[in-house]
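The chains referred to below are lettered A, B, ... by the order of the sequence lines, with proteins before strands, and numbering in each begins at 1. Only this structure's heavy atoms are used, side chains among them; waters, hydrogens and symmetry mates stay out.
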Amino acid sequence: MVMEGGGSGNNSTPTIDKTRVLDVKPLRALVPVFPSSSEAPPYGTYSSGFSPFYPFSAPQGSQATPDLNQQTHTTPAAPLRSFRATESNWDASGGEYESYDGSTGSARGRPKSSKKRARKIHDLDFTLSVDENDFVVGVSLSERDDGNREVVHSIQMRFDALRRRLSQLEDAKESPAGIIRRADLKAGNILMTKQVRTNMRKRIGTVPGVEIGDIFFFRMEMCLLGLHAQSMAGIDYMSVRNGLEEEPLAVSIVSSGYYEDDAEDKDVLIYTGQGGAANRDKGATDQKLERGNLALERSLRRGNEVRVVRGMKDSVNQASKVYVYDGLYRIQESWVEKAKSGCNIFKYKLVRIPGQPDAFGVWKSIEKWREGLSSRAGLILPDLTSGAESKPVALVNDVDEEKGPAYFTYVSTIKYSKSFKLTPPAYGCNCQNACQPGNLNCSCIRKNEGNFPYTTNGVLVCRAPMIHECGPTCPCFPNCKNRASQTGLKVHMEVFKTKDRGWGLRSWDSFRAGTFICEYAGEVIEKVSQVGEEGDDYVFDTSRVYESFKWNYEPGLVEEDGSIEAIEEPNVPSPLVINSKNVGNVARFMNHSCYPNVFWQPIMYENNRESLIHIAFFAMRHIPPMTELTFDYGKSRLGEAAADGGSTSRGRRKCLCGAPICRGNFG
DNA sequence: GGTAGTTCACGTTG
DNA sequence: CCAACGTGAACTAC
């Protein structure tokens with residue numbers, strides 16, 4: 001979602017000053033463990049070879065946790081009316097949650113230099129960051145209580161990296177039919193045990209670091225991020241003191257389709273209470289006014305905000321579900337009605353608090369465009385590929401009058417001219433149908449260190465210097481999973497006009513981390529200089545200097561691995577330069593970002609006894625629909641030399657990516 | 001051969 | 001400590 005400056009636009013919201021009545025306290029108090037500070041290494045030093053997980057080793061929030069500690073440990077109530085994360089959310093060094101608050105929040109009037117605030121709690125900073133297995137947790141104690149954007153992204157990526165690796169190991173096992181494989185639960189359990197989690201302190205309202213529109217593919221992700229702590233139940237709640245009494249209040253709900261909810265309207269959700277459903281052991285029963293149901297009832301009376309997560313079918317992966325964090329709602333009314341089973345169920349009408357950016361609403365709009373019920377505003381061309389891809393790529397401009405990018409020829413793959421086919425002759429595998437993970441007789445799998453590069457869902461498990469896929473002349477079936485980058489576009493993309501960075505690329509569908517997006521198509525050339533001064537906008541060059549980042553799982557968490565850390569930086573035998581100025585695909589529209597959501601990965605496969613390299617793009621994180629896709633353009637080696645010499649390098653331009661860790665320029 | 005329904009073992013919280 | 005809370009993947013039936 002686009003971050004917007006200015007106020008949160010909630011002036012029209014009916015206000016109830018909950019700061020007077022709410023003394024929020026988790027039901028289960030967190031008891032921090034303080035090792036003696038002489039033994040524990042200061043947080044931020046990584047003693048066992050584990051590097052920080054933040055993409056590009058961004059400035060660590062960890063270095064500045066004391067301020068956060070001071071804030072969060074002295075103020076039990078979280079900001080009550082804050083919809084968005086702002087820049088301060090990224091910058092843990094700020095630690096000023098005041099700036100993050102909305103309009104009426106409790107933090108506003110808090111004196112910054114209160115006695116409590118001045119209390120010295122620096123010891124917290126030197127916390128248990130190494131567990132008994134010498135695994136560096138990488139999440140400080142204060143970050144476990146209260147997150148920020150970086151920590152949230154880091155934990156989400158670590159979860160999924162581990163999940164993918166566990167899936168990969170399961171896939172490779174010759175397990176008998178009927179074995180249920182739940183890598184999501186396993187990964188969640190490991191990270192929970194290792195305390196790789198955040199926002200453990202329950203709160204009403206916004207969860208720091210989680211933004212409206214963020215998506216999840218597993219309930220465990222929301223547990224680890226503190227968005228919704230229940231791994232199954234749809235209603236999460238906490239005990240809140242009201243004078244002398246304590247009562248449960250709802251903090252978040254997940255509408256997943258299990259009950260008879262009405263989730264058609266983007267701003268109104270008719271939510272069914274929990275319990276009473278028929279299962280294997282018993283038939284349907286009346287729901288009782290207890291637990292979550294009671295909490296929702298109390299929340300209706302108190303008028304507190306409730307976070308809402310909407311679950312729905314994933315448009316790409318029909319079998320699975322995607323969850324969208326849709327922001328804060330307020331319960332307007334409740335009633336009892338008869339379910340289809342004839343039993344009594346509770347119903348709660350939740351209404352979305354106005355002024356929040358669209359999230360679920362975006363999904364609803366896309367659904368209408370797809371079904372042709374409404375047309376995409378600003379649509380110039382329904383398919384700019386003229387059928388070259390199996391899925392149409394829309395051309396859209398709802399910003400200005402420009403009618404489209406300069407002319408180019410659409411091709412769906414890389415074009416090698418004869419002279420660049422330099423690699424020695426190679427042969428593919430001999431598999432008879434689809435290559436089976438774990439089958440070390442398959443030479444394509446052997447080339448990948450014995451690991452099948454993709455899970456059965458088709459997502460990339462790990463980055464590697466080179467990924468070896470089965471090629472067109474391998475005898476295995478075309479549906480072999482080891483051809484993930486060769487099946488063309490799988491989702492509905494659009495090329496759109498950005499506000500200030502020309503044309504960009506985004507998708508009507510969501511991507512989970514590791515999903516293949518597209519390859520970089522174009523003509524392979526010898527040198528960048530061949531393109532001319534103007535052309536380097538449309539050149540991909542593997543020999544540029546790219547920021548390194550960690551994406552793969554941490555081997556220390558996976559027993560079968562010992563503790564070998566595999567190299568993940570790309571390694572191409574000889575520099576590959578691709579020109580997409582005249583001939584290219586959607587990839588030529590992807591803009592640069594210093595905090596990108598897409599990365600490139602070299603892939604090699606054999607065709608007519610030649611091994612050819614392709615540049616494939618994969619989702620770095622889960623990417624919600626309509627989010628611009630960006631990757632790191634890297635730095636020119638020439639540019640560096642020129643900069644050293646004091647002159648401005650050719651093509652180096654001011655970066656407009658807007659990321660808090662923006663390097664200022666690129667090229 | 002996609003889609004719908006059924007089955008199974010499982011994690012966190014209170 | 002255990003009950004309550006649904007989930008996600010694999011399988012089966014259509």
Side-chain angles (χ1 to χ4, degrees), chain A residues 25-30 144 159-160 162-164 166-171 173-202 216-240 246-261 271-282 284-296 309 311-323 345-346 437 455-459 477-479 512:
Chain A
K25 195 182 76 176
L27 288 171
R28 191 175 59 95
L30 235 186
R144 280 178 219 164
F159 167 80
D160 210 61
L162 182 57
R163 201 207 104 245
R164 292 190 308 267
L166 294 171
S167 290
Q168 183 183 51
L169 289 168
E170 284 295 334
D171 289 346
K173 280 181 190 156
E174 283 282 338
S175 42
I179 289 290
I180 282 136
R181 305 188 297 207
R182 292 294 300 268
D184 58 318
L185 296 183
K186 216 185 268 183
N189 185 229
I190 290 172
L191 294 186
M192 280 284 185
T193 310
K194 303 281 182 192
Q195 296 277 297
V196 180
R197 56 186 300 190
T198 186
N199 293 314
M200 287 175 77
R201 197 172 58 93
K202 276 201 183 179
F216 313 93
F217 291 87
F218 298 92
R219 292 287 299 260
M220 281 308 259
E221 293 179 76
M222 293 184 274
C223 293
L224 292 168
L225 301 184
L227 182 63
H228 186 86
Q230 304 290 332
S231 66
M232 290 179 173
I235 306 165
D236 194 15
Y237 56 98
M238 68 192 287
S239 181
V240 174
E246 286 203 348
E247 63 177 351
L249 290 186
V251 296
S252 59
I253 59 164
V254 177
S255 166
S256 63
Y258 181 74
Y259 291 101
E260 301 158 24
D261 294 346
Y271 189 76
T272 308
Q274 64 187 189
N279 61 26
R280 200 170 63 252
D281 305 324
K282 59 174 173 56
T285 56
D286 287 345
Q287 291 188 339
K288 297 188 188 70
L289 191 60
E290 57 185 26
R291 298 165 187 278
N293 299 343
L294 181 63
L296 284 174
V309 176
M312 61 205 126
K313 222 180 202 179
D314 182 3
S315 57
V316 186
N317 207 332
Q318 287 294 326
S320 61
K321 223 181 268 178
V322 54
Y323 297 94
I345 52 171
F346 293 103
T455 68
T456 45
N457 275 342
V459 295
F477 288 2
N479 67 353
R512 38 170 101 190

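- When rounded to the nearest whole Å, the span between CG of A:Leu294 and P of B:dG14 equals 14 Å.
- Between A:Arg291 and A:Val254, it is A:Arg291 whose nearest contact on DNA chain C lies nearer the 5' terminus.
- Heavy atoms of A:Lys313 sit under 4.0 angstrom from primed sugar atoms or phosphate atoms, though from no base atom.
- A:Arg291 is linked by a salt bridge (Lys or Arg N to Asp or Glu O under 4.0 Å) to nothing, counting only residues two or more places apart in sequence or in another chain.
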Just distance, no hydrogens or angles: give the donor-acceptor pairs under 3.5 Å from side chains in residues 221-234 of chain A, sequence neighbours left out.
unit_1	atom_1	unit_2	atom_2	d
A:Glu221	OE1	A:Gln156	NE2	3.4
A:Glu221	OE1	A:His622	NE2	2.9
A:Glu221	OE2	A:Phe217	N	2.7
A:Glu221	OE2	A:Phe218	N	2.9
A:His228	ND1	A:Ser252	OG	2.7
A:His228	NE2	A:Ala233	O	2.9
A:Gln230	NE2	A:Asp236	OD1	3.2

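- When the P atom of B:dG1 is taken as reference, atom CZ of A:Phe477 falls 13 Å away, rounded to whole Å.
- At the phosphate of C:dA4, neither OP1 nor OP2 sits under 4.0 Å from any side-chain N or O atom of A:Tyr237.
- Taking side-chain N and O atoms only, A:Ser256 has a distance below 4.0 Å to OP1 or OP2 of C:dT7.
- Annotation: of the two residues near DNA chain C, A:Phe218 and A:Gln274, the 5′-most nearest-nucleotide partner is A:Gln274.
- When the C1' atom of C:dA9 is taken as reference, atom CG of A:Asp314 falls 14 Å away, rounded to whole Å.
- Side-chain polar atoms of A:Arg512 and A:Ser320 form a donor-acceptor pair below 3.5 angstrom.
- Across all strands shown, A:Gly275 has heavy atoms under 4.0 Å from sugar-phosphate atoms exclusively, and none from any base.
- Residue A:Lys202 has no polar side-chain atom (N or O) positioned under 4.0 Å from OP1 or OP2 of B:dT12.
- In this model, the phosphate group of C:dT7 is approached by a side-chain N or O of A:Arg219 to a distance below 4.0 Å at OP1 or OP2.
- Between A:Asn189 and B:dT12 there is a side-chain N or O to OP1 or OP2 distance below 4.0 Å.
- Nearest-nucleotide positions on DNA chain B place A:Lys186 closer to the 5' end than the other of A:Lys186 and A:Asp236.
- Regarding A:Tyr323, its OH atom lies at a distance of 7 Å from the C1' atom of C:dT7, rounded to whole Å.
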